[in-house]
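One structure below.
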Amino acid sequence: MRKIRLTVLAALLLASTGAPVAVADALPNWQPTPTGVTAQLRGLDAVSARVAWASGSKGTVLRTADGGASWQQVAPPGTAALDFRDIEAFDDRRAVVMSAGTGTAAKIYRTDDGGASWRLSFENTDERAFYDCISFFDHHRGLAMSDPVDGRFRILSTEDGGRNWAEVPPEGLPPALPGEAGFAASGQCLTTEGPRDAWFGSGGGATARVFHSRDAGRTWTVTDTPLFSSPSAGVFALGFRDRLRGLAIGGDYANEAEPVPALALTRDGGRSWERPPAPPVGYRSGVAWRHHTVLAVGPTGSDVSFDGGAHWTSFDSGSFDSVDCNARGACWASGAAGRVAKLA
């Protein structure tokens, strides 16, 4: 019976996308895990099938160690007014969380005991800076990204797992375009792959662009993408399967269902970007690779691609902001009203 069901699914996918799909590629399914909170959860890290961290508005930092059967609110004390837009976790005990905003609303904390205690490792004092997201190469080296200050994006780096941060010299970054900025929508506007490669996306300017560093964030190059750009549109999330193959996804958050150019693929590490034959429809804020499969999420639903992003099929109509998968294929998604789910 299961073989018949999978065959039917494969046929439906072939008919809807025009792309051949293996029989084993059944549509995924989100399994809700009630969190008991109402915050918008834009930060997410899938450590394993049992361990995940999520963060968001109202000073919310959540942790589960039992596959989502229960969630603990483990936020730093006195942070109820902060919006924790991104979180990077190393295991069930160690994590780094970042709040977005201007001035001292932007902070970075680290815990080594599952959230029982936190250490404030960075507090922004520049009213012109707005920090969007963070990403780590390994358990020690990481980057944080702010919107442009004095005409260039601002990058922080850490060499000790987020305990201390230093600004990367701005001369290593190309000038920003007028109106250009990042989007703190899912904690995925900045991503890393391997020991040295990092990318971050932008919008708001004349074009939506992707910046790439090959030396762990010290110097950067930039490339235009075919994604639509406006003050509410551009590259919202980046996902790379390896140093060469990746996706940039976004759209227009002010017009969520508008079918604007919202996805681009690269096969050369971001030197060039091209539109796929059949992209998702509408605004998408999160993207993640699960082995050879790609998942995308947004306020109007979730999509899956079985061919590296060329063709997509919708499989869920619920709202999510972010999606993350670990190396073993454990995937989680998070979003508005405290919604968190894992891939069944």
Side-chain angles (χ1 to χ4, degrees), residues 30-101 104-124 131-136 138-140 142 144 158 160-165 184-188 190 286 288 320-326 330-343:
W30 291 120
Q31 176 183 329
T33 64
T35 61
V37 303
T38 59
Q40 183 150 16
L41 303 173
R42 297 183 185 274
L44 177 67
D45 198 300
V47 176
S48 69
R50 295 188 61 79
V51 177
W53 297 68
S55 65
S57 61
K58 306 175 184 177
T60 303
V61 179
L62 301 178
R63 170 184 171 273
T64 183
D66 56 14
S70 62
W71 290 86
Q72 297 174 298
Q73 161 67 301
V74 296
T79 60
L82 298 183
D83 191 353
F84 289 115
R85 295 289 184 102
D86 199 1
I87 190 164
E88 297 290 317
F90 308 122
D91 50 38
D92 64 335
R93 308 288 293 173
R94 299 174 296 168
V96 177
V97 66
M98 185 208 75
S99 60
T104 57
K107 295 178 171 66
I108 301 177
Y109 295 84
R110 177 180 166 114
T111 182
D112 291 289
D113 54 15
S117 64
W118 294 84
R119 176 180 179 269
L120 177 62
S121 59
F122 171 77
E123 182 176 44
N124 177 47
Y131 284 86
D132 298 289
C133 40
I134 57 177
S135 187
F136 277 78
D138 51 40
H139 289 189
H140 303 288
T158 180
D160 56 10
R163 295 176 178 88
N164 295 279
W165 297 84
S186 61
Q188 295 182 320
L190 169 69
F320 286 116
D321 292 308
S322 189
V323 58
D324 190 43
C325 301
N326 76 347
C331 298
W332 297 75
S334 66
R339 188 175 187 226
V340 177
K342 65 180 180 179
L343 205 64

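The figures that follow rest on heavy atoms only: side chains count, while hydrogens, waters and symmetry mates do not. None of these values were measured; they are calculated from a predicted model. Positions are given from 1, in the same order as the sequence printed here.
- Here the CZ atom belonging to Arg85 is positioned 12.0 Å from the OG atom belonging to Ser322, to the nearest 0.5 angstrom.
- Every side chain to side chain donor-acceptor pair (under 3.5 Å) that Asp160 has, sequence neighbours left out, goes to Thr158, Asn164.
- Residue Ile108 holds its CD1 atom at 9.0 Å from CG of Leu120, rounded to the nearest 0.5 Å.
- The line from CG of Leu190 to CG of Asp132 is 9.5 Å long, rounded to the nearest 0.5 Å.
- No side-chain heavy atom of Arg94 sits under 4.5 Å from any side-chain heavy atom of Thr111.
- Taking the side chain as every heavy atom from C-beta outward, Gln188 and Cys133 never approach each other to under 4.5 Å.
- Within the 4.5 Å cutoff, no side-chain heavy atoms of Val74 are placed close to those of Leu62.
- Between Lys58 and Thr38, the closest side-chain pair of non-hydrogen atoms falls below 4.5 Å.
- Listed by first then second residue, pairs satisfying salt bridge (charged side-chain N to carboxylate O under 4.0 Å, His left out) with a partner in residues 105-121 read Lys107-Glu123, Arg110-Asp112, Asp112-Arg163, not counting sequence neighbours.
- Two residues are said to be in side-chain contact when any heavy atoms from C-beta on lie closer than 4.5 Å; Asp83 and Ser99 fail this criterion.
- The minimum heavy-atom distance linking Ser48 with Ala330 is given by the pair C-CB, 3.6 Å.
- When all heavy atoms of Thr60 and Ala39 are compared, the closest pair comes out as OG1-CB, 3.3 Å.
- Taking OG of Ser186 as the reference point, atom CG of Leu41 lies at 13.0 Å (rounded to 0.5 Å).
- Contact check for Leu343 versus Gln31: no side-chain heavy atoms found under the 4.5 Å cut-off.
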TODO: Would you sort out whether Phe122 and Tyr109 count as a ring pair (Phe, Tyr, Trp, His ring centres under 6.0 Å), showing the intermediate values?
DONE: CA-CA 7 Å; Phe122 171 77; Tyr109 295 84; over 10 Å; no
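- A search for ring-ring contact (aromatic ring centres under 6.0 Å, His included) contacts involving Trp53 returns nothing, not counting sequence neighbours.
- Contacts classified as salt bridge (charged side-chain N to carboxylate O under 4.0 Å, His left out) and involving residues 35-54 (residues at least two apart or in different chains) are given here: Arg42-Asp321.
- The heavy-atom pair separating Gly43 from Ser334 by the smallest distance is O-OG, 3.9 Å.
- For Thr33, the side-chain contact (heavy atoms from CB on, under 4.5 Å) partners are Trp71, Trp332, Val340, Lys342, not counting sequence neighbours.
- At least one side-chain heavy atom of Ile87 sits less than 4.5 Å from a side-chain heavy atom of Val61.
- For residues 72-93, the ring-ring contact (aromatic ring centres under 6.0 Å, His included) pairs, not counting sequence neighbours, are Phe90-Phe136, Phe90-His139.
- Counting heavy atoms from C-beta on, the side chains of Ser121 and Trp165 come closer than 4.5 Å.
- Nearest heavy-atom pair across Gly59 and Ala75 is O-CB, 3.0 Å.
- Nearest heavy atoms, Ala144 versus Ile134: CB-CG2, 3.4 Å.
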